[in-house]
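Read the structure below first, then the notes.
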Amino acid sequence: MSLPYLSGAVPNSGRATDRPRHPPRHRHRPRRGANVGFYADTLGLRFLKRTVDLEDRFSYHFHYGDATGSAGSVLTSFPFPDEADGRVGRPQIADASLAVPAGSLGYWRDRLADAGAEVGAVEERFAERALPVRDPDGTRLELVTARAHAEPWDGGDVPAEHGIRGVAGVSLLSASPFVTASLLETFGFERGGQEGDRVRYETGRGVVDLLDREAPFGREGAGTIHHVAFGVESDEALHEWRDVLADREDARVSYVKDREFYRSLYVRGAGGILFELATEPTDLTAGDPAPGEHLYLPDRFEEDRDLIESQLPPL
(Lines give C-alpha, C1' and ligand atoms only; values in the text may rest on other atoms or scores of the structure.)
Protein backbone atom coordinates (compact mmCIF):
# COMPACT_ATOMS: atom_id res chain seq x y z
CA MET A 1 0.00 0.00 0.00
CA SER A 2 1.48 3.34 -1.03
CA LEU A 3 2.14 5.98 1.62
CA PRO A 4 0.26 9.29 1.64
CA TYR A 5 2.08 12.51 0.85
CA LEU A 6 1.33 16.11 1.71
CA SER A 7 -1.25 17.34 -0.75
CA GLY A 8 -2.45 20.70 0.49
CA ALA A 9 -4.21 22.68 3.20
CA VAL A 10 -7.60 24.28 3.93
CA PRO A 11 -7.94 27.59 5.84
CA ASN A 12 -11.17 28.94 7.34
CA SER A 13 -12.77 32.21 6.33
CA GLY A 14 -16.36 31.70 7.20
CA ARG A 15 -18.91 29.79 9.17
CA ALA A 16 -17.66 27.56 11.93
CA THR A 17 -18.37 23.89 11.37
CA ASP A 18 -17.27 20.52 12.67
CA ARG A 19 -18.24 18.66 9.53
CA PRO A 20 -15.24 17.22 7.71
CA ARG A 21 -14.83 18.88 4.32
CA HIS A 22 -12.47 18.84 1.40
CA PRO A 23 -8.96 19.69 0.96
CA PRO A 24 -3.55 20.83 2.45
CA ARG A 25 -4.53 20.72 0.38
CA HIS A 26 -4.89 23.36 3.06
CA ARG A 27 -8.34 24.63 3.85
CA HIS A 28 -9.38 27.82 5.59
CA ARG A 29 -12.31 30.21 5.94
CA PRO A 30 -11.83 33.63 4.27
CA ARG A 31 -13.94 36.61 3.27
CA ARG A 32 -14.54 36.60 -0.46
CA GLY A 33 -13.07 39.58 -2.29
CA ALA A 34 -10.03 39.99 -0.08
CA ASN A 35 -9.43 36.26 -0.31
CA VAL A 36 -9.15 36.22 -4.10
CA GLY A 37 -7.08 39.40 -4.05
CA PHE A 38 -4.57 37.93 -1.62
CA TYR A 39 -4.16 34.39 -2.90
CA ALA A 40 -4.48 35.02 -6.64
CA ASP A 41 -3.19 38.58 -7.03
CA THR A 42 -0.67 39.06 -4.22
CA LEU A 43 0.64 35.49 -3.85
CA GLY A 44 0.32 34.83 -7.57
CA LEU A 45 -1.42 31.46 -7.29
CA ARG A 46 -3.75 30.43 -10.07
CA PHE A 47 -7.45 30.81 -9.24
CA LEU A 48 -8.20 27.28 -10.39
CA LYS A 49 -11.81 26.73 -9.54
CA ARG A 50 -14.75 28.81 -8.38
CA THR A 51 -17.39 26.34 -7.31
CA VAL A 52 -19.73 25.71 -4.37
CA ASP A 53 -19.58 23.75 -1.16
CA LEU A 54 -21.02 20.32 -1.97
CA GLU A 55 -22.82 20.31 1.38
CA ASP A 56 -24.09 23.89 1.07
CA ARG A 57 -24.60 24.88 -2.56
CA PHE A 58 -25.20 28.53 -1.62
CA SER A 59 -21.64 28.94 -0.30
CA TYR A 60 -18.49 29.33 -2.39
CA HIS A 61 -15.53 26.96 -2.49
CA PHE A 62 -12.34 28.43 -4.01
CA HIS A 63 -9.30 26.46 -5.19
CA TYR A 64 -5.84 27.95 -5.76
CA GLY A 65 -2.60 26.34 -6.90
CA ASP A 66 -0.27 25.88 -9.83
CA ALA A 67 -1.29 25.71 -13.48
CA THR A 68 -3.49 22.61 -13.08
CA GLY A 69 -3.80 22.05 -9.33
CA SER A 70 -1.19 19.31 -9.30
CA ALA A 71 -0.40 17.21 -6.24
CA GLY A 72 1.05 19.27 -3.42
CA SER A 73 0.07 22.67 -4.81
CA VAL A 74 -3.54 23.30 -3.74
CA LEU A 75 -5.00 25.62 -1.12
CA THR A 76 -8.77 25.84 -0.81
CA SER A 77 -11.11 28.24 0.96
CA PHE A 78 -14.76 28.35 1.90
CA PRO A 79 -15.46 32.10 2.06
CA PHE A 80 -18.41 33.22 4.16
CA PRO A 81 -19.57 36.77 4.89
CA ASP A 82 -19.65 38.05 8.46
CA GLU A 83 -17.71 35.11 9.85
CA ALA A 84 -16.69 35.49 13.48
CA ASP A 85 -12.95 35.51 14.11
CA GLY A 86 -11.43 32.24 15.24
CA ARG A 87 -8.60 31.73 17.70
CA VAL A 88 -5.56 29.59 16.91
CA GLY A 89 -4.82 27.07 19.65
CA ARG A 90 -5.08 23.41 20.57
CA PRO A 91 -6.06 21.19 18.79
CA GLN A 92 -5.56 23.00 15.50
CA ILE A 93 -3.22 23.54 12.60
CA ALA A 94 -1.14 26.54 13.63
CA ASP A 95 0.06 27.56 10.16
CA ALA A 96 0.72 26.38 6.63
CA SER A 97 3.98 26.96 4.77
CA LEU A 98 4.43 27.58 1.05
CA ALA A 99 7.69 26.78 -0.74
CA VAL A 100 9.59 29.63 -2.43
CA PRO A 101 13.10 29.74 -3.94
CA ALA A 102 16.12 30.56 -1.82
CA GLY A 103 16.93 34.25 -2.14
CA SER A 104 13.33 35.32 -2.78
CA LEU A 105 12.25 36.31 0.75
CA GLY A 106 13.34 39.93 0.25
CA TYR A 107 11.10 40.15 -2.82
CA TRP A 108 8.20 38.64 -0.90
CA ARG A 109 8.67 40.84 2.16
CA ASP A 110 8.46 43.96 0.00
CA ARG A 111 5.56 42.67 -2.11
CA LEU A 112 3.48 41.63 0.89
CA ALA A 113 4.18 44.85 2.76
CA ASP A 114 3.19 46.90 -0.29
CA ALA A 115 -0.09 44.95 -0.39
CA GLY A 116 -0.78 45.85 3.24
CA ALA A 117 -0.28 42.35 4.63
CA GLU A 118 0.94 41.75 8.16
CA VAL A 119 4.50 40.44 7.73
CA GLY A 120 6.77 39.14 10.49
CA ALA A 121 10.54 38.82 10.83
CA VAL A 122 12.37 36.04 9.01
CA GLU A 123 12.91 32.94 11.17
CA GLU A 124 15.50 30.19 10.68
CA ARG A 125 15.03 26.50 11.50
CA PHE A 126 16.08 23.15 10.07
CA ALA A 127 18.35 24.92 7.56
CA GLU A 128 15.34 26.81 6.19
CA ARG A 129 14.35 30.47 6.30
CA ALA A 130 10.67 31.31 6.86
CA LEU A 131 8.81 34.60 6.37
CA PRO A 132 5.60 34.69 8.46
CA VAL A 133 2.59 36.49 6.98
CA ARG A 134 -1.13 36.66 7.67
CA ASP A 135 -3.82 36.70 5.02
CA PRO A 136 -6.65 39.29 5.23
CA ASP A 137 -8.55 37.05 7.67
CA GLY A 138 -5.54 36.55 9.93
CA THR A 139 -4.70 33.03 8.74
CA ARG A 140 -1.09 32.27 9.59
CA LEU A 141 1.07 31.38 6.61
CA GLU A 142 4.81 31.15 6.03
CA LEU A 143 6.84 31.48 2.86
CA VAL A 144 9.68 29.01 3.33
CA THR A 145 12.87 28.35 1.39
CA ALA A 146 12.02 24.66 1.20
CA ARG A 147 12.01 21.87 -1.37
CA ALA A 148 9.62 22.58 -4.24
CA HIS A 149 6.69 20.25 -4.89
CA ALA A 150 5.18 22.09 -7.88
CA GLU A 151 6.09 24.50 -10.63
CA PRO A 152 5.14 28.16 -10.12
CA TRP A 153 2.11 29.56 -11.94
CA ASP A 154 3.53 31.99 -14.48
CA GLY A 155 0.26 33.53 -15.64
CA GLY A 156 0.03 36.13 -12.89
CA ASP A 157 1.97 39.15 -11.67
CA VAL A 158 4.65 37.27 -9.72
CA PRO A 159 7.81 36.52 -11.74
CA ALA A 160 8.43 32.79 -12.08
CA GLU A 161 11.84 33.06 -10.42
CA HIS A 162 10.08 34.10 -7.18
CA GLY A 163 6.87 32.10 -7.59
CA ILE A 164 5.36 29.76 -5.01
CA ARG A 165 6.26 26.14 -5.61
CA GLY A 166 3.64 24.21 -3.69
CA VAL A 167 2.65 23.56 -0.10
CA ALA A 168 5.79 22.80 1.92
CA GLY A 169 4.17 21.76 5.20
CA VAL A 170 2.07 22.56 8.22
CA SER A 171 2.62 23.10 11.94
CA LEU A 172 0.29 21.43 14.43
CA LEU A 173 -0.84 22.29 17.96
CA SER A 174 -2.06 18.91 19.17
CA ALA A 175 -3.95 18.20 22.38
CA SER A 176 -1.84 15.04 22.62
CA PRO A 177 1.43 15.34 20.65
CA PHE A 178 2.47 11.74 21.26
CA VAL A 179 -0.81 10.40 19.84
CA THR A 180 -0.56 12.71 16.82
CA ALA A 181 3.05 11.64 16.30
CA SER A 182 1.93 8.00 16.28
CA LEU A 183 -0.71 8.76 13.65
CA LEU A 184 1.84 10.60 11.49
CA GLU A 185 4.13 7.57 11.71
CA THR A 186 1.25 5.37 10.57
CA PHE A 187 0.91 7.68 7.58
CA GLY A 188 4.58 7.05 6.80
CA PHE A 189 6.16 10.22 8.17
CA GLU A 190 9.53 9.83 9.89
CA ARG A 191 10.91 11.94 12.69
CA GLY A 192 13.44 14.28 11.16
CA GLY A 193 14.77 16.14 14.19
CA GLN A 194 13.89 18.71 16.83
CA GLU A 195 14.69 22.37 17.32
CA GLY A 196 13.36 23.85 20.54
CA ASP A 197 9.70 22.91 20.92
CA ARG A 198 9.33 22.08 17.20
CA VAL A 199 9.52 18.36 16.32
CA ARG A 200 9.72 17.67 12.60
CA TYR A 201 8.13 14.74 10.78
CA GLU A 202 8.83 14.39 7.11
CA THR A 203 8.45 12.45 3.91
CA GLY A 204 10.00 13.23 0.57
CA ARG A 205 6.81 15.17 -0.26
CA GLY A 206 6.38 17.57 2.65
CA VAL A 207 6.84 18.13 6.36
CA VAL A 208 4.67 18.31 9.45
CA ASP A 209 6.01 20.09 12.53
CA LEU A 210 4.53 19.17 15.90
CA LEU A 211 4.68 22.13 18.27
CA ASP A 212 5.20 20.78 21.79
CA ARG A 213 4.24 23.95 23.61
CA GLU A 214 1.56 25.38 25.85
CA ALA A 215 -1.30 27.00 23.94
CA PRO A 216 -4.89 28.00 24.72
CA PHE A 217 -7.73 25.99 23.29
CA GLY A 218 -8.57 27.14 19.78
CA ARG A 219 -11.86 28.26 18.33
CA GLU A 220 -12.73 27.62 14.71
CA GLY A 221 -13.60 30.65 12.60
CA ALA A 222 -12.06 33.19 10.27
CA GLY A 223 -8.28 33.04 10.36
CA THR A 224 -7.97 29.37 11.33
CA ILE A 225 -7.03 26.32 9.28
CA HIS A 226 -9.62 23.57 9.21
CA HIS A 227 -7.55 20.58 8.10
CA VAL A 228 -4.62 19.35 6.06
CA ALA A 229 -4.88 16.80 3.25
CA PHE A 230 -2.49 14.03 2.31
CA GLY A 231 -2.66 12.60 -1.20
CA VAL A 232 -3.02 8.91 -2.06
CA GLU A 233 -2.56 7.37 -5.47
CA SER A 234 -5.87 5.60 -6.11
CA ASP A 235 -9.37 4.78 -4.91
CA GLU A 236 -8.12 1.32 -3.99
CA ALA A 237 -5.37 2.75 -1.79
CA LEU A 238 -7.88 5.09 -0.14
CA HIS A 239 -10.12 2.16 0.85
CA GLU A 240 -7.09 0.25 2.13
CA TRP A 241 -6.17 3.22 4.30
CA ARG A 242 -9.69 3.32 5.69
CA ASP A 243 -9.37 -0.29 6.81
CA VAL A 244 -6.03 0.43 8.48
CA LEU A 245 -7.30 3.53 10.29
CA ALA A 246 -10.58 1.94 11.36
CA ASP A 247 -8.58 -0.55 13.46
CA ARG A 248 -7.06 2.22 15.57
CA GLU A 249 -8.70 2.84 18.94
CA ASP A 250 -7.30 6.37 19.15
CA ALA A 251 -8.83 7.73 15.91
CA ARG A 252 -12.22 8.22 14.28
CA VAL A 253 -12.38 7.72 10.52
CA SER A 254 -15.15 8.63 8.07
CA TYR A 255 -16.42 6.64 5.14
CA VAL A 256 -14.96 7.42 1.72
CA LYS A 257 -16.74 10.45 0.25
CA ASP A 258 -17.18 11.55 -3.35
CA ARG A 259 -15.92 15.13 -3.63
CA GLU A 260 -16.61 15.61 -7.37
CA PHE A 261 -12.95 16.15 -8.34
CA TYR A 262 -11.54 13.39 -6.10
CA ARG A 263 -12.55 10.99 -3.32
CA SER A 264 -11.49 11.35 0.26
CA LEU A 265 -11.88 10.30 3.85
CA TYR A 266 -11.30 12.15 7.11
CA VAL A 267 -9.60 10.98 10.27
CA ARG A 268 -9.40 12.74 13.62
CA GLY A 269 -6.99 11.28 16.14
CA ALA A 270 -7.16 11.64 19.91
CA GLY A 271 -4.85 14.63 19.53
CA GLY A 272 -7.79 16.46 17.92
CA ILE A 273 -6.22 17.34 14.54
CA LEU A 274 -8.36 16.67 11.46
CA PHE A 275 -6.57 15.03 8.52
CA GLU A 276 -7.91 14.21 5.08
CA LEU A 277 -6.65 11.48 2.77
CA ALA A 278 -7.63 12.22 -0.82
CA THR A 279 -7.04 10.98 -4.33
CA GLU A 280 -5.57 13.65 -6.59
CA PRO A 281 -7.51 15.23 -9.47
CA THR A 282 -5.57 15.05 -12.72
CA ASP A 283 -6.41 18.64 -13.70
CA LEU A 284 -8.68 20.97 -11.72
CA THR A 285 -9.13 23.19 -14.77
CA ALA A 286 -10.44 20.39 -17.02
CA GLY A 287 -13.92 21.04 -18.37
CA ASP A 288 -13.93 24.59 -17.02
CA PRO A 289 -14.21 27.23 -19.79
CA ALA A 290 -12.80 30.04 -17.62
CA PRO A 291 -11.08 28.76 -14.48
CA GLY A 292 -11.68 31.04 -11.51
CA GLU A 293 -14.03 33.31 -13.46
CA HIS A 294 -16.71 30.82 -14.41
CA LEU A 295 -18.89 29.30 -11.66
CA TYR A 296 -18.37 25.57 -12.02
CA LEU A 297 -21.26 23.44 -10.77
CA PRO A 298 -21.51 19.65 -10.51
CA ASP A 299 -24.00 18.16 -12.96
CA ARG A 300 -26.51 17.51 -10.18
CA PHE A 301 -26.59 21.22 -9.32
CA GLU A 302 -26.68 22.52 -12.89
CA GLU A 303 -30.49 22.63 -13.18
CA ASP A 304 -30.50 25.01 -10.19
CA ARG A 305 -27.78 27.32 -11.58
CA ASP A 306 -29.98 30.42 -11.77
CA LEU A 307 -31.15 29.96 -8.18
CA ILE A 308 -27.65 29.25 -6.89
CA GLU A 309 -26.10 32.22 -8.68
CA SER A 310 -28.83 34.51 -7.35
CA GLN A 311 -28.08 33.46 -3.76
CA LEU A 312 -24.28 33.56 -3.89
CA PRO A 313 -22.78 36.84 -2.69
CA PRO A 314 -20.86 38.93 -5.23
CA LEU A 315 -17.10 38.48 -5.41
Side-chain angles (χ1 to χ4, degrees), residues 7-32 35-36 39 47-65 69 74-84 86 92-93 137 139 218-232 235 238-239 241-242 245 251-268 272-281 284 287-288 292 294-315:
S7 170
V10 188
N12 286 308
S13 305
R15 178 189 57 208
T17 176
D18 194 45
R19 292 180 296 163
R21 302 191 190 178
H22 166 59
R25 281 160 285 273
H26 133 244
R27 178 178 147 223
H28 75 282
R29 319 181 79 83
R31 294 163 180 106
R32 293 173 310 279
N35 182 255
V36 175
Y39 287 95
F47 191 6
L48 290 161
K49 187 74 71 179
R50 177 161 63 101
T51 186
V52 295
D53 183 350
L54 297 179
E55 297 177 14
D56 178 4
R57 68 187 69 185
F58 301 119
S59 297
Y60 276 123
H61 186 185
F62 296 159
H63 298 66
Y64 305 98
V74 178
L75 301 176
T76 80
S77 298
F78 293 83
F80 301 99
D82 305 320
E83 171 71 0
Q92 283 184 343
I93 298 166
D137 293 291
T139 307
R219 180 180 64 245
E220 190 172 304
T224 64
I225 297 175
H226 187 266
H227 69 271
V228 60
F230 301 134
V232 298
D235 288 358
L238 188 63
H239 284 279
W241 273 108
R242 191 192 183 281
L245 295 166
R252 292 181 290 122
V253 60
S254 74
Y255 291 104
V256 172
K257 299 174 181 286
D258 185 349
R259 294 305 193 193
E260 184 69 19
F261 313 115
Y262 54 88
R263 289 178 176 81
S264 72
L265 62 80
Y266 300 85
V267 57
R268 192 187 296 275
I273 305 296
L274 183 63
F275 298 100
E276 180 184 28
L277 301 186
T279 59
E280 291 290 349
L284 274 172
D288 196 330
H294 168 257
L295 177 65
Y296 177 92
L297 293 177
D299 289 342
R300 64 186 181 277
F301 292 170
E302 192 61 51
E303 65 179 3
D304 295 325
R305 174 176 286 274
D306 289 344
L307 174 62
I308 291 170
E309 290 182 336
S310 72
Q311 297 299 311
L312 288 170
L315 289 178

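None of the values given here were measured: they were computed from a predicted structure.
By the 4.0 Å N-to-carboxylate-O rule, Arg259 lies close enough to Glu55 to be salt-bridged with it.
Minimum heavy-atom separation, Phe301 to Leu54: CZ-O, 3.9 Å. The minimum heavy-atom distance between Glu276 and Ser264, with the atom names listed, is OE2-OG, 2.9 Å. What you find for Pro298 and Glu260 is that their closest heavy atoms are CB-OE1, 3.4 Å. Pairing each heavy atom of Ile93 with each of Val228, the nearest pair is CD1-N, 3.4 Å.
For Lys257 (side chain) and Leu265 (main-chain N/O), no donor-acceptor pair under 3.5 Å exists by modelled atom type.
With sequence neighbours excluded, no residue satisfies salt bridge (charged side-chain N to carboxylate O under 4.0 Å, His left out) with Arg219. For Arg57, the salt bridge (charged side-chain N to carboxylate O under 4.0 Å, His left out) partners two or more places apart in sequence, or in a different chain, are Asp304. With sequence neighbours excluded, the residues that form a side chain to side chain donor-acceptor pair (under 3.5 Å) with Glu302 are Arg305. In this structure Phe47 satisfies the ring pair (Phe, Tyr, Trp, His ring centres under 6.0 Å) test together with Phe62, Tyr64, sequence neighbours excluded. For His294, the side chain to side chain donor-acceptor pair (under 3.5 Å) partners are Asp288, not counting sequence neighbours. The side chain to side chain donor-acceptor pair (under 3.5 Å) check on Arg263 picks up Asp235, with sequence neighbours excluded.
Counting heavy atoms from C-beta on, the side chains of Arg252 and Val267 never come closer than 4.5 Å. Residues Phe58 and Asp53 form no side-chain contact, since every pair of their non-hydrogen atoms from C-beta on lies 4.5 Å or further apart.
Aromatic pair Tyr255/Tyr266: ring centres not closer than 6.0 Å.
Using a 3.5 Å distance cut-off with no hydrogens or angles, the side chains of Arg50 and Tyr296 do not pair a donor with an acceptor.
For the atom pair CZ (Phe261) and OG1 (Thr51), the distance works out to 4.5 Å, reported to the nearest 0.5 Å. Between the OG1 atom of Thr76 and the NE2 atom of His63 there is a distance of 5.5 Å, given to the nearest 0.5 Å. Note that OG1 of Thr224 and CD of Gln92 are 5.0 Å apart. Values are rounded to the nearest 0.5 Å. Here the CG-CG distance, from Leu238 to Leu277, works out to 6.5 Å after rounding to the nearest 0.5 Å. The OG atom of Ser59 lies 11.0 Å from the CD atom of Gln311; values are rounded to the nearest 0.5 Å.
Shown here is Asp299, whose CG atom has no more than 12 heavy atoms of other residues, nucleotides or ligands within 6.0 Å.
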Could you give me the CA-CA distance, side-chain angles and deciding distance for Tyr60 and Leu295, then say whether side chain to side chain contact (heavy atoms under 4.5 Å, CB included) is met? CA-CA 9 Å; Tyr60 276 123; Leu295 177 65; 4.0 Å; yes
